[in-house]
Participant: 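Before anything else, here's the structure in question.
Fair warning: this is a prediction, and the values are worked out from it, not measured in the lab.
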Amino acid sequence: MKLGLDIKPDLIAVMADEVKAGEKAVSTAMRAAGTDLKTAWRGQITQAGLGRRLSNSIRSQTYPKTGESLKAAALVWSNAPQIIGAHDTGPLIRSKDGFWLAIPTPAAGKGARGKALTPGEWERRRGLRLRFVYRRSGPSLLVADGRLNNRGLGVASRSKSGRGRSTVPIFLLVPQVKLAKRLNLERDAERVQAAVPGLIVANWLERFSV
């Protein structure tokens, strides 16, 4: 007597289909999670008033870059990690040489691409020497003996008689600065991470509702 066993449907084919469904579900979920976190972080940065340029430094990428996998992962990062990290942690900033931090006043103006000027850069640009003024109460100053132009910037005085010349505070000097914490990136990361299992299940079962 010869016995035969014929199983329908084909278990190997069924399992292969389930693996493919799982790969698609995980990959889709990780793409959604990465996009969600990137959007949330960009929104935080913009709402904190840190500018769209810094907001756009947030990037995301899903791995593998092509195809689908049960081990798919999403990476979200910033192209300006030091700036983002500082606003996320609110660190205490001290001068590297142990002396003063020079904080530009509005009269200092801006450097290339809107960057803050250092005292040395300011002197080279304006052709003026800065003078140290010690103050017992409040921050000490670096001042210039010149004038304010119509844009409120400290510049050299053109008057030979000294008329209109004034002492213009250009930098405030402080020993340290506590940067305010303006971001909470961990909050959004934890929210997105907690939602990932549900996203995977929802995407995996979606094919049964079609």
Participant: Closest heavy-atom contact between Gly154 and Trp122?
Facilitator: O-CZ2, 3.5 Å

Participant: Would you say the side chain of Gln61 lies within less than 4.5 Å of the side chain of Val76, judging by non-hydrogen atoms?
Facilitator: no

Participant: Quick check on side-chain contact (heavy atoms from CB on, under 4.5 Å): which of Thr105, Thr118, Leu130, Ile103 does Phe171 satisfy it with?
Facilitator: Leu130

Participant: When you measure from the side chain of Ser166 to the backbone N and O of Arg147, does any donor-acceptor pair fall under 3.5 Å?
Facilitator: no

Participant: Hydrophobic side-chain clustering at under 4.5 Å (ILVMFWY, transitive links): who's grouped with Val155? Put none if nobody.
Facilitator: none

Participant: Any side-chain heavy atom of Ile84 within less than 4.5 Å of one from Leu185?
Facilitator: yes

Participant: Suppose we screen for salt bridge (Lys or Arg N to Asp or Glu O under 4.0 Å). Which residues come up paired with Lys110, at least two apart in sequence or across chains?
Facilitator: none

Participant: Only one of Arg187, His87, Arg182 clears side-chain contact (heavy atoms from CB on, under 4.5 Å) with Gln44; which?
Facilitator: Arg187

Participant: Any salt bridge (Lys or Arg N to Asp or Glu O under 4.0 Å) involving residues 168-179? Give me the pairs, sequence neighbours left out, ordered by first then second residue.
Facilitator: none

Participant: Hey, could you give me each pair passing salt bridge (Lys or Arg N to Asp or Glu O under 4.0 Å) that has a residue in residues 23-33? Not counting sequence neighbours.
Facilitator: none

Participant: Would one find more than 12 heavy atoms of other residues, nucleotides or ligands at under 6.0 Å from atom CD of Glu121?
Facilitator: yes

Participant: Determine whether Phe132 and Leu173 make a side-chain contact, defined as any pair of heavy atoms from C-beta on separated by less than 4.5 Å.
Facilitator: yes

Participant: Tyr63: which other cluster members, linking ILVMFWY side chains closer than 4.5 Å, directly or transitively?
Facilitator: Leu75, Trp77

Participant: Which pairs pass salt bridge (Lys or Arg N to Asp or Glu O under 4.0 Å) with one or both residues in residues 125-134, sequence neighbours excluded?
Facilitator: Glu123-Arg129, Arg131-Asp145

